[in-house]
Amino acid sequence: MAIATINPATGETLKTFEALNDAEIAAKLDLANQAFEQYRQTSFLTRSHWLQKAADILEQDKAEFAKLMTLEMGKPFKAAIAEVEKCAVVCRYYAEHAPDFLADVSVKTDASHSFVRYQPMGAILAVMPWNFPFWQVFRFAAPALMAGNVGLLKHASNVPQCALAIEDIIRRAGFPEGVFQTLLIGAAKVADLMADDRVKAATLTGSEPAGASLAVAAGKQIKKTVLELGGSDPFIVLESADLETAVVTATTARMLNNGQSCIAAKRFIVAEAIADKFEKLLLEKFEALKVGDPMQPDTDLGPLATPGILQDLDQQVQGAISSGGKVLTGGHPLSDRPGNFYPPTIIIDIPPETPIAKEEFFGPVALLFRVPDIDAAIKLANDSPFGLGASAWTTNDQESDRLVEEIEAGAVFINSMVKSDPRLPFGGIKRSGYGRELSIQGIHEFVNVKTVWVK
Ligand code: NDP
(Lines give C-alpha, C1' and ligand atoms only; values in the text may rest on other atoms or scores of the structure.)
Protein backbone atom coordinates (compact mmCIF):
# COMPACT_ATOMS: atom_id res chain seq x y z
CA MET A 1 0.00 0.00 0.00
CA ALA A 2 1.48 3.39 -1.03
CA ILE A 3 2.16 5.85 1.78
CA ALA A 4 -0.14 8.68 0.78
CA THR A 5 -2.88 11.08 1.75
CA ILE A 6 -5.92 10.28 -0.40
CA ASN A 7 -9.06 12.20 0.48
CA PRO A 8 -11.73 9.51 1.01
CA ALA A 9 -14.52 12.01 0.31
CA THR A 10 -13.23 12.75 -3.22
CA GLY A 11 -10.73 10.04 -4.12
CA GLU A 12 -8.12 12.71 -4.82
CA THR A 13 -4.46 11.93 -4.01
CA LEU A 14 -3.18 14.96 -2.12
CA LYS A 15 0.32 13.98 -1.08
CA THR A 16 2.59 10.96 -1.44
CA PHE A 17 5.58 9.99 0.68
CA GLU A 18 8.72 7.93 0.06
CA ALA A 19 9.08 5.02 2.45
CA LEU A 20 12.25 5.03 4.56
CA ASN A 21 15.08 2.88 3.20
CA ASP A 22 16.93 0.32 5.34
CA ALA A 23 19.75 2.72 6.24
CA GLU A 24 17.26 5.37 7.35
CA ILE A 25 15.38 2.84 9.46
CA ALA A 26 18.64 1.68 11.06
CA ALA A 27 19.58 5.28 11.90
CA LYS A 28 16.24 5.81 13.62
CA LEU A 29 16.62 2.61 15.65
CA ASP A 30 20.09 3.73 16.76
CA LEU A 31 18.73 7.10 17.73
CA ALA A 32 15.89 5.48 19.70
CA ASN A 33 18.36 3.38 21.65
CA GLN A 34 20.70 6.29 22.37
CA ALA A 35 17.74 8.41 23.45
CA PHE A 36 16.53 5.64 25.77
CA GLU A 37 19.78 5.56 27.75
CA GLN A 38 19.35 9.23 28.70
CA TYR A 39 15.56 9.30 28.80
CA ARG A 40 15.21 6.43 31.27
CA GLN A 41 17.14 8.59 33.80
CA THR A 42 14.62 11.44 33.66
CA SER A 43 12.25 11.94 36.60
CA PHE A 44 8.50 11.42 36.59
CA LEU A 45 8.18 15.12 37.25
CA THR A 46 10.02 16.01 34.04
CA ARG A 47 8.11 13.47 31.95
CA SER A 48 4.80 14.69 33.43
CA HIS A 49 5.69 18.24 32.57
CA TRP A 50 6.38 17.32 28.93
CA LEU A 51 3.22 15.26 28.66
CA GLN A 52 1.12 18.12 30.07
CA LYS A 53 2.73 20.34 27.45
CA ALA A 54 1.73 17.84 24.74
CA ALA A 55 -1.84 18.08 26.06
CA ASP A 56 -1.64 21.90 25.84
CA ILE A 57 -0.50 21.72 22.21
CA LEU A 58 -3.29 19.27 21.34
CA GLU A 59 -5.88 21.57 22.89
CA GLN A 60 -4.50 24.75 21.34
CA ASP A 61 -4.26 23.38 17.80
CA LYS A 62 -7.14 20.91 17.85
CA ALA A 63 -8.81 22.30 14.73
CA GLU A 64 -5.63 21.85 12.70
CA PHE A 65 -5.16 18.24 13.84
CA ALA A 66 -8.84 17.41 13.41
CA LYS A 67 -8.75 18.72 9.86
CA LEU A 68 -5.81 16.47 9.08
CA MET A 69 -7.66 13.40 10.34
CA THR A 70 -10.82 14.20 8.41
CA LEU A 71 -8.79 14.85 5.28
CA GLU A 72 -6.86 11.57 5.50
CA MET A 73 -9.51 9.11 6.71
CA GLY A 74 -12.89 10.83 6.47
CA LYS A 75 -14.27 10.96 10.01
CA PRO A 76 -16.71 13.82 10.62
CA PHE A 77 -14.82 16.94 11.67
CA LYS A 78 -16.77 17.28 14.93
CA ALA A 79 -15.78 13.72 15.88
CA ALA A 80 -12.17 14.52 14.99
CA ILE A 81 -12.21 17.50 17.34
CA ALA A 82 -13.53 15.27 20.14
CA GLU A 83 -10.76 12.77 19.38
CA VAL A 84 -8.02 15.40 19.78
CA GLU A 85 -9.57 16.53 23.06
CA LYS A 86 -9.60 12.94 24.31
CA CYS A 87 -5.88 12.64 23.47
CA ALA A 88 -5.22 15.62 25.74
CA VAL A 89 -7.21 13.89 28.49
CA VAL A 90 -5.16 10.68 28.28
CA CYS A 91 -1.92 12.70 28.39
CA ARG A 92 -3.06 14.54 31.50
CA TYR A 93 -4.33 11.32 33.09
CA TYR A 94 -0.98 9.55 32.82
CA ALA A 95 0.99 12.71 33.65
CA GLU A 96 -0.90 12.76 36.95
CA HIS A 97 -1.24 9.07 37.81
CA ALA A 98 1.81 7.30 36.33
CA PRO A 99 4.07 8.10 39.32
CA ASP A 100 1.64 6.22 41.61
CA PHE A 101 1.09 3.39 39.13
CA LEU A 102 4.84 2.84 38.85
CA ALA A 103 5.90 3.43 42.45
CA ASP A 104 7.76 0.60 44.21
CA VAL A 105 5.36 -1.83 45.91
CA SER A 106 6.58 -3.29 49.20
CA VAL A 107 5.68 -6.92 49.85
CA LYS A 108 6.10 -8.51 53.27
CA THR A 109 8.14 -11.72 53.05
CA ASP A 110 10.89 -13.31 55.13
CA ALA A 111 13.44 -10.93 53.53
CA SER A 112 14.39 -7.87 55.52
CA HIS A 113 13.00 -5.84 52.63
CA SER A 114 11.32 -7.07 49.45
CA PHE A 115 9.50 -5.07 46.85
CA VAL A 116 8.42 -4.81 43.21
CA ARG A 117 9.98 -2.16 40.98
CA TYR A 118 8.69 -1.21 37.52
CA GLN A 119 11.41 -0.40 35.00
CA PRO A 120 11.20 0.64 31.33
CA MET A 121 12.00 -1.85 28.58
CA GLY A 122 13.40 0.39 25.81
CA ALA A 123 12.10 1.01 22.31
CA ILE A 124 8.50 -0.15 21.86
CA LEU A 125 7.04 -0.45 18.37
CA ALA A 126 3.43 0.69 17.89
CA VAL A 127 1.73 -0.55 14.71
CA MET A 128 -1.36 1.58 14.50
CA PRO A 129 -4.52 1.82 12.37
CA TRP A 130 -6.11 4.71 10.57
CA ASN A 131 -9.52 4.66 12.24
CA PHE A 132 -8.61 6.77 15.29
CA PRO A 133 -5.33 8.11 13.93
CA PHE A 134 -4.56 10.31 16.95
CA TRP A 135 -6.29 8.50 19.80
CA GLN A 136 -4.82 5.06 19.15
CA VAL A 137 -1.33 6.55 19.14
CA PHE A 138 -1.70 8.73 22.24
CA ARG A 139 -3.26 5.95 24.29
CA PHE A 140 -0.07 3.99 23.58
CA ALA A 141 2.38 6.89 23.83
CA ALA A 142 1.19 8.53 27.06
CA PRO A 143 1.76 5.49 29.34
CA ALA A 144 4.81 4.25 27.38
CA LEU A 145 6.63 7.57 27.68
CA MET A 146 5.67 8.05 31.33
CA ALA A 147 7.14 4.60 32.05
CA GLY A 148 10.46 5.73 30.54
CA ASN A 149 10.19 3.78 27.30
CA VAL A 150 10.81 5.31 23.90
CA GLY A 151 8.28 4.94 21.07
CA LEU A 152 8.53 3.95 17.41
CA LEU A 153 5.35 4.52 15.43
CA LYS A 154 4.53 2.56 12.28
CA HIS A 155 1.23 4.19 11.42
CA ALA A 156 -1.21 3.03 8.74
CA SER A 157 -0.04 3.98 5.27
CA ASN A 158 -3.12 6.15 4.59
CA VAL A 159 -2.51 8.57 7.50
CA PRO A 160 1.12 9.69 7.08
CA GLN A 161 0.45 13.34 7.83
CA CYS A 162 -1.23 12.43 11.12
CA ALA A 163 1.80 10.28 11.96
CA LEU A 164 4.21 13.12 11.30
CA ALA A 165 2.05 15.63 13.18
CA ILE A 166 2.07 13.40 16.28
CA GLU A 167 5.87 13.09 16.20
CA ASP A 168 6.04 16.87 15.94
CA ILE A 169 3.66 17.43 18.89
CA ILE A 170 5.72 15.18 21.14
CA ARG A 171 8.96 16.86 20.09
CA ARG A 172 7.52 20.36 20.56
CA ALA A 173 6.26 19.37 24.00
CA GLY A 174 9.90 19.04 25.04
CA PHE A 175 10.57 15.29 24.89
CA PRO A 176 14.19 14.79 23.76
CA GLU A 177 15.00 13.91 20.17
CA GLY A 178 14.59 10.21 19.46
CA VAL A 179 12.14 9.54 22.30
CA PHE A 180 9.24 9.27 19.89
CA GLN A 181 9.79 8.71 16.16
CA THR A 182 7.52 8.06 13.23
CA LEU A 183 8.77 5.46 10.75
CA LEU A 184 7.19 5.93 7.35
CA ILE A 185 7.32 2.30 6.26
CA GLY A 186 5.02 -0.32 4.78
CA ALA A 187 3.66 -3.31 6.70
CA ALA A 188 6.21 -5.62 5.06
CA LYS A 189 8.99 -4.07 7.16
CA VAL A 190 7.38 -4.86 10.51
CA ALA A 191 8.72 -8.43 10.80
CA ASP A 192 12.30 -7.16 10.30
CA LEU A 193 11.78 -4.62 13.04
CA MET A 194 10.61 -7.33 15.42
CA ALA A 195 13.75 -9.31 14.63
CA ASP A 196 15.97 -6.34 15.49
CA ASP A 197 17.51 -6.34 18.98
CA ARG A 198 16.93 -2.62 19.28
CA VAL A 199 13.14 -3.14 19.36
CA LYS A 200 12.04 -4.67 22.69
CA ALA A 201 8.28 -5.19 22.36
CA ALA A 202 5.30 -4.17 20.24
CA THR A 203 1.65 -3.25 20.32
CA LEU A 204 -0.71 -3.49 17.34
CA THR A 205 -4.24 -2.31 16.78
CA GLY A 206 -5.83 -3.50 13.55
CA SER A 207 -7.03 -6.59 11.76
CA GLU A 208 -6.60 -10.22 12.80
CA PRO A 209 -4.13 -11.08 9.99
CA ALA A 210 -1.94 -8.10 10.87
CA GLY A 211 -2.06 -9.04 14.57
CA ALA A 212 -1.27 -12.68 13.91
CA SER A 213 1.64 -11.79 11.66
CA LEU A 214 3.14 -9.42 14.25
CA ALA A 215 2.68 -12.02 16.99
CA VAL A 216 4.49 -14.67 14.90
CA ALA A 217 7.44 -12.34 14.26
CA ALA A 218 7.57 -11.30 17.93
CA GLY A 219 7.14 -14.87 19.16
CA LYS A 220 10.21 -16.01 17.21
CA GLN A 221 12.24 -13.49 19.21
CA ILE A 222 10.41 -14.08 22.54
CA LYS A 223 9.20 -10.49 22.60
CA LYS A 224 6.06 -9.30 24.28
CA THR A 225 3.08 -8.02 22.28
CA VAL A 226 -0.26 -6.43 23.04
CA LEU A 227 -2.91 -6.95 20.36
CA GLU A 228 -6.13 -4.99 20.00
CA LEU A 229 -7.94 -6.50 17.03
CA GLY A 230 -11.42 -6.65 15.62
CA GLY A 231 -14.75 -7.03 17.29
CA SER A 232 -18.34 -7.83 16.45
CA ASP A 233 -19.80 -6.37 19.61
CA PRO A 234 -23.32 -7.40 20.59
CA PHE A 235 -25.89 -4.77 21.59
CA ILE A 236 -28.53 -6.63 23.57
CA VAL A 237 -31.93 -5.07 24.24
CA LEU A 238 -34.18 -6.94 26.66
CA GLU A 239 -37.89 -6.42 27.21
CA SER A 240 -37.54 -4.18 30.29
CA ALA A 241 -35.12 -1.77 28.58
CA ASP A 242 -35.71 1.93 28.16
CA LEU A 243 -36.35 1.53 24.44
CA GLU A 244 -36.10 5.17 23.31
CA THR A 245 -32.69 5.64 24.92
CA ALA A 246 -31.53 2.24 23.67
CA VAL A 247 -32.40 3.10 20.06
CA VAL A 248 -30.69 6.51 20.17
CA THR A 249 -27.59 4.92 21.68
CA ALA A 250 -27.73 2.01 19.22
CA THR A 251 -27.55 4.47 16.35
CA THR A 252 -24.61 6.36 17.86
CA ALA A 253 -22.85 3.12 18.79
CA ARG A 254 -23.14 1.71 15.26
CA MET A 255 -22.30 4.92 13.37
CA LEU A 256 -19.34 5.93 15.51
CA ASN A 257 -16.45 6.91 13.24
CA ASN A 258 -18.50 6.17 10.09
CA GLY A 259 -19.03 2.68 11.46
CA GLN A 260 -15.31 1.90 11.55
CA SER A 261 -14.61 1.24 15.19
CA CYS A 262 -13.56 -2.01 16.80
CA ILE A 263 -15.98 -1.33 19.69
CA ALA A 264 -18.89 -0.20 17.54
CA ALA A 265 -22.09 -2.13 18.21
CA LYS A 266 -22.43 -4.50 15.25
CA ARG A 267 -24.89 -7.26 16.17
CA PHE A 268 -28.20 -6.01 17.59
CA ILE A 269 -29.82 -8.78 19.60
CA VAL A 270 -33.34 -7.82 20.57
CA ALA A 271 -36.02 -9.55 22.66
CA GLU A 272 -38.88 -10.70 20.41
CA ALA A 273 -41.48 -8.88 22.57
CA ILE A 274 -40.07 -5.45 21.65
CA ALA A 275 -38.34 -6.29 18.37
CA ASP A 276 -40.95 -4.77 16.01
CA LYS A 277 -40.84 -1.47 17.85
CA PHE A 278 -37.03 -1.44 18.09
CA GLU A 279 -36.71 -2.21 14.37
CA LYS A 280 -39.11 0.58 13.40
CA LEU A 281 -37.40 3.18 15.60
CA LEU A 282 -33.91 2.16 14.48
CA LEU A 283 -34.96 2.43 10.84
CA GLU A 284 -36.27 5.96 11.46
CA LYS A 285 -33.01 6.98 13.14
CA PHE A 286 -30.80 5.47 10.43
CA GLU A 287 -32.81 7.10 7.64
CA ALA A 288 -32.57 10.49 9.36
CA LEU A 289 -28.76 10.49 9.35
CA LYS A 290 -27.08 13.02 7.08
CA VAL A 291 -24.45 11.42 4.84
CA GLY A 292 -21.97 13.75 3.17
CA ASP A 293 -18.88 15.93 3.31
CA PRO A 294 -17.18 15.09 6.62
CA MET A 295 -15.87 18.66 6.95
CA GLN A 296 -19.43 20.01 7.25
CA PRO A 297 -20.58 20.45 10.87
CA ASP A 298 -24.01 18.86 10.30
CA THR A 299 -22.70 15.67 8.66
CA ASP A 300 -23.40 12.50 10.67
CA LEU A 301 -21.77 9.98 8.37
CA GLY A 302 -18.73 10.56 6.16
CA PRO A 303 -17.02 8.23 3.67
CA LEU A 304 -15.25 4.99 4.52
CA ALA A 305 -11.49 5.36 4.79
CA THR A 306 -10.42 3.57 1.59
CA PRO A 307 -11.97 2.06 -1.56
CA GLY A 308 -10.83 -1.35 -0.24
CA ILE A 309 -12.86 -0.99 2.96
CA LEU A 310 -15.89 0.05 0.86
CA GLN A 311 -15.53 -2.94 -1.43
CA ASP A 312 -15.05 -5.40 1.45
CA LEU A 313 -18.10 -4.05 3.27
CA ASP A 314 -20.30 -4.24 0.20
CA GLN A 315 -19.18 -7.82 -0.45
CA GLN A 316 -20.17 -8.71 3.12
CA VAL A 317 -23.58 -7.09 2.68
CA GLN A 318 -24.18 -8.98 -0.58
CA GLY A 319 -23.02 -12.16 1.20
CA ALA A 320 -25.49 -11.51 4.01
CA ILE A 321 -28.28 -11.12 1.45
CA SER A 322 -27.36 -14.37 -0.31
CA SER A 323 -27.39 -16.09 3.08
CA GLY A 324 -31.03 -15.09 3.63
CA GLY A 325 -30.71 -11.56 5.05
CA LYS A 326 -33.18 -8.81 4.07
CA VAL A 327 -32.14 -5.20 3.70
CA LEU A 328 -34.43 -2.67 5.42
CA THR A 329 -32.47 0.36 4.27
CA GLY A 330 -29.20 1.01 2.40
CA GLY A 331 -27.41 -2.04 1.04
CA HIS A 332 -25.34 -0.55 -1.82
CA PRO A 333 -22.48 1.95 -2.13
CA LEU A 334 -23.65 5.47 -2.98
CA SER A 335 -22.69 5.73 -6.64
CA ASP A 336 -24.08 9.24 -7.19
CA ARG A 337 -20.87 10.89 -5.92
CA PRO A 338 -17.10 10.38 -5.79
CA GLY A 339 -15.50 9.01 -2.62
CA ASN A 340 -16.09 5.89 -0.55
CA PHE A 341 -19.64 6.48 0.66
CA TYR A 342 -21.86 3.73 2.03
CA PRO A 343 -25.31 4.52 3.43
CA PRO A 344 -26.66 3.50 6.85
CA THR A 345 -27.80 -0.09 6.34
CA ILE A 346 -29.96 -2.48 8.38
CA ILE A 347 -30.08 -6.20 7.64
CA ILE A 348 -32.62 -8.51 9.30
CA ASP A 349 -33.35 -12.24 9.16
CA ILE A 350 -29.78 -13.49 8.69
CA PRO A 351 -29.58 -17.01 10.10
CA PRO A 352 -27.23 -16.53 13.08
CA GLU A 353 -25.30 -19.71 12.27
CA THR A 354 -24.19 -18.61 8.77
CA PRO A 355 -20.48 -17.70 8.63
CA ILE A 356 -21.17 -14.14 7.40
CA ALA A 357 -23.17 -13.40 10.58
CA LYS A 358 -20.00 -13.99 12.59
CA GLU A 359 -17.82 -11.56 10.60
CA GLU A 360 -16.92 -8.01 11.61
CA PHE A 361 -18.75 -5.43 9.45
CA PHE A 362 -16.41 -2.41 9.47
CA GLY A 363 -18.87 0.25 8.30
CA PRO A 364 -22.39 1.61 8.90
CA VAL A 365 -24.20 -1.74 8.71
CA ALA A 366 -26.35 -3.11 11.53
CA LEU A 367 -27.27 -6.80 11.72
CA LEU A 368 -30.52 -7.33 13.62
CA PHE A 369 -31.38 -10.60 15.38
CA ARG A 370 -34.48 -11.53 17.36
CA VAL A 371 -34.31 -13.79 20.43
CA PRO A 372 -37.02 -15.19 22.71
CA ASP A 373 -35.32 -14.49 26.07
CA ILE A 374 -32.14 -13.62 27.96
CA ASP A 375 -30.75 -17.17 27.66
CA ALA A 376 -30.90 -16.99 23.88
CA ALA A 377 -29.53 -13.44 23.92
CA ILE A 378 -26.44 -14.42 25.91
CA LYS A 379 -25.92 -17.55 23.80
CA LEU A 380 -26.04 -15.58 20.56
CA ALA A 381 -23.86 -12.77 21.96
CA ASN A 382 -21.18 -15.33 22.85
CA ASP A 383 -21.47 -17.21 19.56
CA SER A 384 -18.71 -15.11 18.02
CA PRO A 385 -15.02 -15.56 17.42
CA PHE A 386 -14.53 -12.08 18.93
CA GLY A 387 -14.78 -10.86 22.50
CA LEU A 388 -14.07 -7.16 22.68
CA GLY A 389 -17.03 -5.25 24.17
CA ALA A 390 -20.75 -5.73 24.76
CA SER A 391 -23.57 -3.34 25.49
CA ALA A 392 -26.72 -4.64 27.14
CA TRP A 393 -29.98 -2.93 28.04
CA THR A 394 -32.26 -3.94 30.90
CA THR A 395 -33.80 -2.39 34.00
CA ASN A 396 -33.87 -5.71 35.83
CA ASP A 397 -31.00 -6.18 38.33
CA GLN A 398 -30.95 -9.95 38.07
CA GLU A 399 -30.71 -9.79 34.29
CA SER A 400 -27.98 -7.21 34.62
CA ASP A 401 -25.98 -9.50 36.95
CA ARG A 402 -26.28 -12.38 34.51
CA LEU A 403 -25.18 -10.28 31.55
CA VAL A 404 -22.12 -9.00 33.44
CA GLU A 405 -21.19 -12.51 34.55
CA GLU A 406 -21.93 -14.54 31.43
CA ILE A 407 -21.00 -12.40 28.44
CA GLU A 408 -17.60 -13.32 27.00
CA ALA A 409 -15.93 -9.98 26.38
CA GLY A 410 -13.22 -7.64 27.62
CA ALA A 411 -15.89 -5.12 28.63
CA VAL A 412 -19.61 -5.16 29.40
CA PHE A 413 -21.54 -1.91 29.53
CA ILE A 414 -25.07 -1.98 30.98
CA ASN A 415 -27.46 0.69 29.66
CA SER A 416 -24.65 2.51 27.86
CA MET A 417 -22.62 2.11 24.71
CA VAL A 418 -19.12 0.66 24.93
CA LYS A 419 -16.49 3.37 25.08
CA SER A 420 -12.89 3.69 26.14
CA ASP A 421 -11.97 5.75 29.18
CA PRO A 422 -8.39 6.36 30.35
CA ARG A 423 -9.43 5.35 33.89
CA LEU A 424 -10.58 1.86 32.85
CA PRO A 425 -8.65 -0.96 31.17
CA PHE A 426 -9.44 -1.62 27.51
CA GLY A 427 -8.86 -4.80 25.51
CA GLY A 428 -10.38 -8.04 24.37
CA ILE A 429 -10.45 -11.81 24.65
CA LYS A 430 -10.76 -14.56 22.02
CA ARG A 431 -9.82 -13.31 18.53
CA SER A 432 -10.14 -9.70 19.62
CA GLY A 433 -6.63 -9.94 21.03
CA TYR A 434 -4.88 -9.87 24.38
CA GLY A 435 -3.32 -7.47 26.82
CA ARG A 436 -4.83 -4.25 28.05
CA GLU A 437 -4.44 -0.58 27.26
CA LEU A 438 -5.27 2.40 29.48
CA SER A 439 -5.60 2.58 33.26
CA ILE A 440 -3.01 1.01 35.57
CA GLN A 441 -3.14 -2.27 33.62
CA GLY A 442 -2.13 -0.47 30.40
CA ILE A 443 1.00 1.11 31.82
CA HIS A 444 2.10 -2.21 33.31
CA GLU A 445 2.16 -3.96 29.91
CA PHE A 446 5.50 -2.52 28.80
CA VAL A 447 7.63 -2.55 31.93
CA ASN A 448 9.96 -5.02 33.55
CA VAL A 449 8.24 -6.03 36.77
CA LYS A 450 11.40 -6.52 38.80
CA THR A 451 11.34 -8.49 42.04
CA VAL A 452 13.81 -7.17 44.60
CA TRP A 453 14.82 -9.16 47.67
CA VAL A 454 17.21 -7.73 50.27
CA LYS A 455 18.31 -10.09 53.06
P1 NDP B 1 -4.75 -3.53 8.95
O2 NDP B 1 -4.77 -4.42 10.12
O3 NDP B 1 -4.23 -4.07 7.69
O4 NDP B 1 -3.87 -2.22 9.32
C5 NDP B 1 -3.59 -1.81 10.65
C6 NDP B 1 -2.09 -1.56 10.80
O7 NDP B 1 -1.37 -2.79 10.67
C8 NDP B 1 -1.53 -0.64 9.72
O9 NDP B 1 -0.48 0.14 10.27
C10 NDP B 1 -0.97 -1.63 8.71
O11 NDP B 1 0.03 -1.06 7.88
C12 NDP B 1 -0.42 -2.70 9.62
N13 NDP B 1 -0.29 -4.01 9.02
C14 NDP B 1 -1.05 -4.56 8.04
N15 NDP B 1 -0.63 -5.82 7.77
C16 NDP B 1 0.41 -6.06 8.59
C17 NDP B 1 1.27 -7.18 8.77
N18 NDP B 1 1.14 -8.30 8.06
N19 NDP B 1 2.25 -7.09 9.70
C20 NDP B 1 2.39 -5.98 10.42
N21 NDP B 1 1.63 -4.88 10.28
C22 NDP B 1 0.63 -4.92 9.39
O23 NDP B 1 -6.17 -2.92 8.76
P24 NDP B 1 -6.85 -2.45 7.40
O25 NDP B 1 -6.63 -1.01 7.28
O26 NDP B 1 -6.47 -3.26 6.23
O27 NDP B 1 -8.35 -2.77 7.74
C28 NDP B 1 -8.86 -4.07 7.49
C29 NDP B 1 -9.74 -4.54 8.60
O30 NDP B 1 -9.03 -4.52 9.83
C31 NDP B 1 -10.94 -3.69 8.88
O32 NDP B 1 -11.97 -3.96 8.00
C33 NDP B 1 -11.25 -4.07 10.31
O34 NDP B 1 -11.95 -5.26 10.34
C35 NDP B 1 -9.89 -4.26 10.92
N36 NDP B 1 -9.41 -3.10 11.65
C37 NDP B 1 -9.61 -3.05 12.97
C38 NDP B 1 -9.21 -1.95 13.68
C39 NDP B 1 -9.42 -1.87 15.14
O40 NDP B 1 -9.59 -0.77 15.66
N41 NDP B 1 -9.40 -2.98 15.84
C42 NDP B 1 -8.59 -0.80 13.05
C43 NDP B 1 -8.38 -0.97 11.63
C44 NDP B 1 -8.79 -2.08 10.98
P45 NDP B 1 -0.33 -0.57 6.37
O46 NDP B 1 -1.35 0.50 6.52
O47 NDP B 1 0.97 -0.08 5.87
O48 NDP B 1 -0.86 -1.77 5.65
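Numbers here are sequence positions counted from 1. Every number for a ligand or one of its atoms is a count from 1 in the order of the listing.
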Ligand 1: protein N/O within less than 3.5 Å of ligand N/O:
unit_1, atom_1, unit_2, atom_2, d
ligand 1, 2 (O), Ser207, N, 2.7
ligand 1, 2 (O), Ser207, OG, 2.6
ligand 1, 9 (O), Met128, O, 2.8
ligand 1, 9 (O), Ala156, N, 3.4
ligand 1, 11 (O), Lys154, NZ, 3.2
ligand 1, 18 (N), Ser213, OG, 3.1
ligand 1, 19 (N), Ser213, OG, 3.2
ligand 1, 25 (O), Trp130, NE1, 2.5
ligand 1, 34 (O), Glu360, OE1, 2.7
ligand 1, 40 (O), Asn131, ND2, 3.1
ligand 1, 41 (N), Leu229, O, 2.9
ligand 1, 46 (O), Ser157, N, 2.9
ligand 1, 47 (O), Lys154, NZ, 2.9
ligand 1, 47 (O), Ser157, OG, 2.6

Practice problem: Just jot down the side-chain hydrogen bond (donor to acceptor under 3.5 Å, both in side chains) partners of Ser416, sequence neighbours excluded, or say none. | Solution: Lys419
Give every donor-acceptor pair under 3.5 Å between a side-chain atom in residues 337-344 and any protein atom, sequence neighbours left out.
unit_1, atom_1, unit_2, atom_2, d
Asn340, ND2, Leu304, O, 3.0
Tyr342, OH, Asp314, OD1, 2.9
Tyr342, OH, Gly331, O, 3.2

Exercise. Could you tell me whether the side chain of Glu72 and the main chain of Ile6 form a donor-acceptor pair under 3.5 Å?
Key: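 Absent.
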Practice problem: Spell out, as yes or no, whether a donor-acceptor pair under 3.5 Å connects the side chain of Gln316 to the backbone of Glu360. | Solution: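 Checked: pair present.
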Quiz item: Hey, which of Arg139, Lys86, Glu437 is the one that makes side-chain hydrogen bond (donor to acceptor under 3.5 Å, both in side chains) with Ser420?
Solution: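 Single pass found, and it is Lys86.
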Exercise. Output all residues satisfying side chain to side chain contact (heavy atoms under 4.5 Å, CB included) with Ala123, sequence neighbours left out; order by chain, then residue number.
Key: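 Result, side chain to side chain contact (heavy atoms under 4.5 Å, CB included) vs Ala123: Ala32, Asn33, Val150, Leu152.
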